[in-house]
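Working notes for the structure below.
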Amino acid sequence: MSQAPQNDVHVLSDTQRRIRRSALLFTAPLLLLLLLTAMLCWETIRINVSAGARTEWPWRLQMIDAEALGSLLAVAAGAVLARAQFARVTRPYIGWRGSWVKGLLRPGAPAWRVGILNGGQHLAVVDSWHCRVVLKGAVDSPDAQWASVHDTVAELTGAGLVAEDDFRLIGFGAGFPLVGGGGHETVLMGAFSERFIERVQSLYVRARITDVVGDTHERTMDCMKGLRAPAAPRSA
């Protein structure tokens, strides 16, 4: 890897964002609403032309009765608004937390434990789970590719670190449930020794989570963030 000063490190955003909406539950109702609105505009213009003109094309085209069209439009608008409100209520809130814990990797030795949780009130499932490693002194490029947990472990072991001794990295498969409303207990994402922290500058995890209405959310977390505080404990 190429070398770069520490102040050139690119820090990815650590905020949750929606990256995709459900085509069935969001796009289809919205398209129906737009279609009905266009039909209503057509009928409004058609009614206001002269009776003689309505005997010729294109003004002869009557799609649906205006009264029935108005009722359908109200129903469609209500469905779109109800879906938007329900999506807001069922939105997952993906959080993570890191803390020093002894004995996770080596007996009696401190390890940096990182866990994830769903702070929302409804179930969400993992859509995809990828990692990206930045070794000490390397360039943290936003264009670097993401890798699976398996490939990330191989990269770390290739850098001289030992799995289950220097680090433990957990993989979450597609469909893994993140239960909401369960307090602040986190699910283990990884554990990292002091030797790992000395060798690795950043370890990003990109989690994509799908909620109960089919929307997909993404959060990118740097597992090394927060551990370099002066108060961080050191092994004896």
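Heads up: numbering here begins at 1 and tracks the sequence. The figures here come from the full heavy-atom set of this structure, side chains too, leaving out hydrogens, waters and symmetry mates.
Residues passing the ring pair (Phe, Tyr, Trp, His ring centres under 6.0 Å) test with Phe86: none are found, sequence neighbours excluded. Judged as a ring pair (Phe, Tyr, Trp, His ring centres under 6.0 Å), and not counting sequence neighbours, Phe26 has no contacts. Partners of Trp96 by ring pair (Phe, Tyr, Trp, His ring centres under 6.0 Å), not counting sequence neighbours: none found. For Thr152, the side chain to side chain donor-acceptor pair (under 3.5 Å) test picks out no residue, with sequence neighbours left out. By the side chain to side chain donor-acceptor pair (under 3.5 Å) test, Arg91 pairs with no residue at all, sequence neighbours left out. Residues satisfying the salt bridge (Lys or Arg N to Asp or Glu O under 4.0 Å) test with Arg97, not counting sequence neighbours, are none. Remark: Arg219 pairs with Asp14 by the side chain to side chain donor-acceptor pair (under 3.5 Å) rule, at least two apart or across chains.
A donor-acceptor pair under 3.5 Å is formed between the side chain of Asp222 and the backbone N or O of Leu203. Of the possible polar contacts, none joining the Glu194 side chain to the Ala109 backbone as a donor-acceptor pair under 3.5 Å is found.
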Show me the donor-acceptor pairs within less than 3.5 Å that the side chains of residues 158-170 make with the rest of the protein, sequence neighbours left out.
unit_1: Glu164; atom_1: OE1; unit_2: Arg168; atom_2: NE; d: 2.9
unit_1: Glu164; atom_1: OE1; unit_2: Arg168; atom_2: NH2; d: 3.2
unit_1: Asp165; atom_1: OD1; unit_2: Arg106; atom_2: NE; d: 2.9
unit_1: Asp166; atom_1: OD1; unit_2: Arg106; atom_2: NH2; d: 2.9
unit_1: Asp166; atom_1: OD2; unit_2: Val162; atom_2: N; d: 2.9
unit_1: Asp166; atom_1: OD2; unit_2: Arg195; atom_2: NH1; d: 2.5
unit_1: Arg168; atom_1: NH2; unit_2: Leu104; atom_2: O; d: 3.0

Please tabulate, for side-chain N and O atoms in residues 205-215, each donor-acceptor pair with protein atoms closer than 3.5 Å (sequence neighbours left out).
unit_1: Arg208; atom_1: NE; unit_2: Glu218; atom_2: OE1; d: 2.6
unit_1: Arg208; atom_1: NH2; unit_2: Glu218; atom_2: OE1; d: 2.9
unit_1: Thr210; atom_1: OG1; unit_2: Thr216; atom_2: OG1; d: 3.3
unit_1: Asp211; atom_1: OD1; unit_2: Val213; atom_2: N; d: 3.1
unit_1: Asp211; atom_1: OD1; unit_2: Gly214; atom_2: N; d: 3.1
unit_1: Asp211; atom_1: OD1; unit_2: Asp215; atom_2: N; d: 2.9
unit_1: Asp211; atom_1: OD2; unit_2: His217; atom_2: NE2; d: 2.9
unit_1: Asp215; atom_1: OD1; unit_2: Ser22; atom_2: N; d: 3.0
unit_1: Asp215; atom_1: OD1; unit_2: Arg83; atom_2: NH2; d: 2.7
unit_1: Asp215; atom_1: OD2; unit_2: Arg83; atom_2: NH1; d: 3.2
unit_1: Asp215; atom_1: OD2; unit_2: Arg83; atom_2: NH2; d: 3.4

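Here salt bridge (charged side-chain N to carboxylate O under 4.0 Å, His left out) pairs that include residues 170-179, with residues two or more places apart or in two chains, number zero. The salt bridge (charged side-chain N to carboxylate O under 4.0 Å, His left out) pairs that include a residue from residues 119-130 are Arg20-Asp127, where partners are two or more places apart or lie in different chains. Among residue pairs with one or both ends in residues 28-39, none qualify as salt bridge (charged side-chain N to carboxylate O under 4.0 Å, His left out); sequence neighbours excluded.
Defined by atom type and a distance below 3.5 Å, a donor-acceptor pair is missing between the side-chain atoms of Thr220 and Arg132.
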